[in-house]
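Structure, as structure tokens:
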Amino acid sequence: MIKLATWNVNSLKVRLPQVLQWLGDNPVDVLCIQETKLTDDKFPAAEIEAAGYQVVYTGQKTYNGVAILSKHPIDAVVKNNPLFEDDHQRIISATIQGMRIVCAYVPNGQSLESDKYQYKLKWLASLHDWIQQELTLHPQLALLGDYNIAPEDRDVHDPAAWEGMNLVSPPERAALQKLIDLKLTDSFRMFEQAEKSFSWWDYRQLGFRLNKGVRIDHILLSEPLAARCTSCVIDRVPRKWEQPSDHAPVIATLD
DNA sequence: ATGGCAGCCATAGGCTGA
């Protein structure tokens with residue numbers, strides 16, 4: 001059995017104690033982290049290694065930054081999407097236990113009128129082309145991360161209020177569907193789930209307490225991995241801790 | 001219509017996140 005997880009920690013500098021606590025409580029095999037917001041020289045590798053995890057990372061000042069933590073050896077690390085020129089550090093991938101693990105932090109997009117939205121769509125289109133290539137090389141592939149896209153209306157607390165907005169707009173959903181069309185499966189929807197299951201809640205206006213959230217953090221599995229997947233859950237526990245990340249971890253279990 | 005919370009950088013308040 002192997003457990004793969006993803007968590008947008010919204011600053012690893014602030015959240016490192018919570019990451020270590022969470023890994024102690026949930027000793028997953030692989031944890032993909034987004035929004036480290038740390039340059040590589042400031043990355044807390046020693047503390048993570050002391051907790052029994054190997055780690056690879058690529059970061060920058062203030063924004064973005066991704067990492068893969070693993071109990072098992074990490075091989076063939078690639079930073080970013082080789083097909084996409086990008087100033088941002090948003091992707092890191094590696095081979096672990098024969099699986100290609102891709103950790104991604106999809107651009108937020110801000111709003112449909114923003115240049116950042118166009119960047120998001122271009123970024124996703126290139127991610128598609130690259131993942132398509134990667135799947136031919138690595139049939140056992142997992143794409144984990146913060147997609148900044150809620151796939152369906154049931155992934156949004158108030159679909160009417162959100163209609164057409166950033167995170168749910170049809171072009172973004174179409175881009176996610178194109179990824180899924182590469183025979184990837186949203187592992188969360190392989191299983192019966194509670195209604196109104198979300199992975200992000202706004203810090204403002206009691207978002208978490210009122211469960212006003214969206215499900216934007218996903219674990220997509222290629223066919224051979226989906227065939228082994230026995231569960232996928234969102235862990236809301238660390239969202240209840242003091243000074244939490246606004247995202248909750250998502251965990252997929254594979255036989 | 002705006003800001004609301006949090007983090008960052010920088011040391012005030014603007015930018016970004018989602």
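Sorted by first and then second residue, the salt bridge (Lys or Arg N to Asp or Glu O under 4.0 Å) pairs involving residues 137-163 of chain A (not counting sequence neighbours) are E152(A)-R154(A), D153(A)-R173(A), D155(A)-R189(A), D155(A)-R215(A). The stretch residues 3-22 of chain A participates, sequence neighbours left out, in these ring pair (Phe, Tyr, Trp, His ring centres under 6.0 Å) pairs: W7(A)-W22(A). Screening residues 38-74 of chain A for ring pair (Phe, Tyr, Trp, His ring centres under 6.0 Å) gives F43(A)-Y57(A) as the qualifying pairs, with residues at least two apart or on separate chains. The salt bridge (Lys or Arg N to Asp or Glu O under 4.0 Å) pairs that include a residue from residues 107-123 of chain A are K120(A)-E172(A), where partners are two or more places apart or lie in different chains.
Taking side-chain N and O atoms only, Q205(A) has no distance below 4.0 Å to OP1 or OP2 of dG3(B).
Among the heavy atoms of the strands lying under 4.0 Å from R15(A) are primed sugar atoms or P, OP1, OP2 only; no base atom is included.
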Side-chain donor-acceptor contacts of residues 93-101 of chain A below 3.5 Å, not counting sequence neighbours, with atom names and distances?
from: S93(A); atom 1: OG; to: V78(A); atom 2: O; distance (Å): 3.4
from: S93(A); atom 1: OG; to: R100(A); atom 2: NH2; distance (Å): 3.3
from: T95(A); atom 1: OG1; to: R100(A); atom 2: NH1; distance (Å): 2.8
from: R100(A); atom 1: NH1; to: A76(A); atom 2: O; distance (Å): 2.8
from: R100(A); atom 1: NH2; to: A76(A); atom 2: O; distance (Å): 2.9

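A gap of 12 Å separates the P atoms of dG4(B) and dG14(B), to the nearest Å. Using C1' as the reference atom, dA1(B) and dT11(B) are 30 Å apart when rounded to the nearest Å. Nucleotides dC15(B) and dA10(B), compared at atom P, are 15 Å apart to the nearest Å. Of the C1' atoms belonging to dG7(B) and dA12(B), the separation is 16 Å, rounded to the nearest Å. With both ends at atom P, the span from dG13(B) to dG3(B) equals 14 Å, rounded to whole Å.
In this entry the distance linking CH2 of W201(A) with C1' of dA6(B) reads 16 Å, nearest Å. Atom CG in L206(A) sits roughly 11 Å away from atom C1' in dC5(B) (whole-Å rounding). Per the geometry, CZ belonging to F208(A) stands 14 Å off P belonging to dA6(B), to the nearest Å. Across the protein-nucleic acid pair, K61(A) atom NZ and dG7(B) atom P stand 19 Å apart, rounded to whole Å. Rounded to an integer number of Å, the gap from CZ of R209(A) to C1' of dC5(B) is 14 Å. We find that CG of L38(A) is positioned 11 Å from C1' of dG7(B), with the value rounded to whole Å.
Under the 3.5 Å distance criterion, the side-chain polar atoms of S222(A) are matched with a main-chain donor or acceptor of P139(A). In this structure, the side chain of Q140(A) does not engage the main chain of L225(A) through any donor-acceptor pair within 3.5 Å.
Taking D29(A) as the reference, nothing meets the salt bridge (Lys or Arg N to Asp or Glu O under 4.0 Å) condition, with sequence neighbours excluded.
Using a 4.5 Å cut-off between side-chain heavy atoms of Ile, Leu, Val, Met, Phe, Trp and Tyr, W130(A) falls into a hydrophobic cluster with L83(A), F84(A), I91(A), V102(A), V106(A), Y119(A), W123(A), L124(A), L127(A), I131(A), L135(A), L141(A), L143(A), Y147(A), I149(A), L176(A), L179(A), I180(A), L182(A), L184(A), L220(A).
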Which letter, B, S or -, goes with each nucleotide of nucleotides 12-18 of chain B from 5' to 3', with contact meaning a protein heavy atom under 4.0 Å? ----SSB
Under a 3.5 Å cutoff on both atom distances, Watson-Crick or G-U, what's the dot-bracket for DNA chain B ([ ] crossing, | other strand)? ....(((((...))))).
